[in-house]
Amino acid sequence: MERLTRQFYEIPTLVLAEKLLGKIFVRILPGNIVLKGRIVETEAYLAENDEACHAWKGKTRRNQAMFQFPGTIYVYFTYGNHYMLNIVSEPENTAGAVLIRAMEPVEGIPVMKQQRGMEKLTSLMSGPGKLTRALAIENACNGMNLFGEEFFLENAAPVPEKLIGTSRRIGISKSRELPWRKFIIENPHVSKTRTA
DNA sequence: AGCGTGATCTTT
DNA sequence: AAGATCACGCTG
């Protein structure tokens with residue numbers, strides 16, 4: 001399967017959030033263990049007019065990966081337990097990223113089950129903290145990119161427009177009104193929307 | 001419905 | 001130095 005190159009990521013963040021749906025995220029662990037998941041849910045974060053974006057006030061030690069070139073990986077830790085995976089967008093020195101919120105397990109499922117300590121397929125990667133756990137993604141991955149041997153994306157047919165849903169983003173208190181979440185309609189691996 | 005968990009950022 | 005906040009997941 002064809003690997004996505006830099007040009008793929010060089011599009012506006014909101015467009016990227018949609019185009020990432022259906023693509024295959026590949027994670028290679030030491031010992032050549034191959035883990036793959038199909039992206040089914042994303043959220044866009046932009047520095048401009050988006051207080052929920054970590055970089056809306058400018059560069060800090062934590063968010064600097066968001067200012068790197070498109071295709072960089074931004075990982076951070078939150079709530080004392082969870083790592084979040086973002087794919088950086090926008091040109092270098094401009095902050096933008098797409099949070100990967102859910103995937104459908106495709107390959108390496110036994111390893112994912114082990115990492116999660118769970119058997120149920122629709123629980124393995126149906127949330128942003130779950131999928132990083134299943135794929136063994138942690139702080140050390142922050143600042144890496146999708147053009148090496150540990151992480152990359154494989155192409156796949158675009159998801160038909162009729163199957164793409166849009167909503168507000170989940171779990172944030174600021175800029176709640178922005179409809180920047182994208183997901184595949186009726187896919188069982190999409191996260192349960194939390195109403196709080 | 002509640003609570004664990006810890007880095008980061010903001011305020012003193 | 002201390003405290004609030006947080007793009008969450010689990011159990012009950």
Side-chain angles (χ1 to χ4, degrees), chain A residues 9 12-21 25 37 39-68 70 72-90 94-105 112-144 146 151 165-184 187-196:
Chain A
Y9 304 91
T13 303
L14 292 179
V15 180
L16 185 61
E18 197 165 319
K19 288 208 155 198
L20 283 170
L21 294 176
F25 186 92
I39 299 173
V40 299
E41 181 180 351
T42 62
E43 278 178 5
Y45 287 85
L46 275 171
E48 294 227 349
N49 299 328
D50 179 9
E51 286 190 55
C53 177
H54 289 169
W56 78 283
K57 274 186 167 173
K59 204 182 269 193
T60 67
R61 181 130 181 272
R62 175 224 223 166
N63 68 25
Q64 54 184 337
M66 283 188 94
F67 291 81
Q68 296 194 177
T72 301
I73 291 176
Y74 171 42
V75 177
Y76 69 92
F77 184 73
T78 193
Y79 289 109
N81 320 338
H82 304 292
Y83 294 97
M84 299 286 133
L85 168 67
N86 298 252
I87 296 179
V88 174
S89 57
E90 304 297 320
T94 303
V98 177
L99 170 69
I100 308 301
R101 284 196 54 88
M103 295 189 205
E104 174 176 340
M112 294 174 185
K113 287 181 175 172
Q114 191 183 338
Q115 303 260 322
R116 292 274 297 112
M118 289 206 172
E119 286 295 314
K120 199 176 173 206
L121 219 54
T122 51
S123 300
L124 289 185
M125 302 213 281
S126 55
K130 297 180 186 177
L131 68 91
T132 52
R133 186 68 180 261
L135 298 176
I137 291 173
E138 42 199 346
N139 258 180
C141 307
N142 186 36
M144 293 185 157
L146 293 166
F151 294 102
T166 298
S167 79
R168 308 205 280 208
R169 294 174 296 179
I170 313 284
I172 55 173
S173 50
K174 298 165 189 167
S175 305
R176 287 164 138 280
E177 69 288 355
L178 299 172
W180 287 0
R181 171 171 173 259
K182 301 283 174 184
F183 58 97
I184 300 181
N187 183 294
H189 298 88
V190 169
S191 71
K192 290 183 291 185
T193 61
R194 191 178 290 268
T195 43

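Every chain is numbered from 1, with letters handed out A, B, ... down the list of sequences.
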Does any N or O in the side chain of [X] come within less than 3.5 Å of the main-chain N or O of [Y], such that one atom is a donor and the other an acceptor?
X	Y	value
A/N63	A/H54	yes
A/S175	A/E51	yes
A/R101	A/E41	no

Using every non-hydrogen atom in the two residues, find where [X] and [Y] come nearest and quote the distance to one decimal.
X	Y	value
A/C53	A/Y45	CA-CD2, 4.0 Å
A/M84	A/L99	CB-CD1, 4.1 Å
A/E90	A/L46	OE2-CD2, 3.9 Å

task: Between B/dA1 and C/dA7, how far apart are the P atoms? Round to whole Å, please.
output: 22 Å
Could you check how far [atom1] of [X] sits from [atom2] of [N], rounded to whole Å?
X	N	atom1	atom2	value
A/I172	C/dC6	CD1	P	10 Å
A/L124	C/dG9	CG	C1'	14 Å
A/L99	C/dA7	CG	C1'	5 Å
A/H82	B/dC3	NE2	C1'	11 Å
A/H54	C/dT5	NE2	C1'	10 Å
A/E51	B/dT10	CD	C1'	15 Å
A/I100	C/dC8	CD1	P	14 Å
A/K174	B/dT10	NZ	C1'	11 Å

query: Does a side-chain heavy-atom distance below 4.5 Å link A/T72 with A/Y9?
result: no
Polar pairs (N or O, both sides) under 3.5 Å between protein and nucleotides 5-9 of chain B?
from: B/dT5; atom 1: O4'; to: A/N81; atom 2: OD1; distance (Å): 3.2
from: B/dT5; atom 1: O2; to: A/Y79; atom 2: O; distance (Å): 2.5
from: B/dG6; atom 1: N2; to: A/Y79; atom 2: N; distance (Å): 3.1
from: B/dG6; atom 1: N3; to: A/G80; atom 2: N; distance (Å): 3.4
from: B/dC9; atom 1: OP1; to: A/T60; atom 2: OG1; distance (Å): 2.4

message: Stem list for DNA chain C, please, built from Watson-Crick and G-U wobble pairs under 3.5 Å and keeping only runs of at least 3.
response: B:1-4 with C:8-11, B:6-11 with C:1-6
message: Over 60° means perpendicular and under 30° means parallel, so tell me whether A/F77 and A/Y83 are parallel, tilted or perpendicular.
response: tilted
task: Would you indicate what A/R168 reaches in the nucleic acid, counting non-hydrogen atoms under 4.0 angstrom: base, sugar-phosphate, or nothing?
output: nothing
message: If you count heavy atoms of other groups shown closer than 6.0 angstrom to CZ of A/R169, is the number above 12?
response: yes
- request: Could you pick out which residue, A/L131 or A/S173, lies toward the 5' side of DNA chain C when each is mapped onto its nearest nucleotide?
  value: A/S173
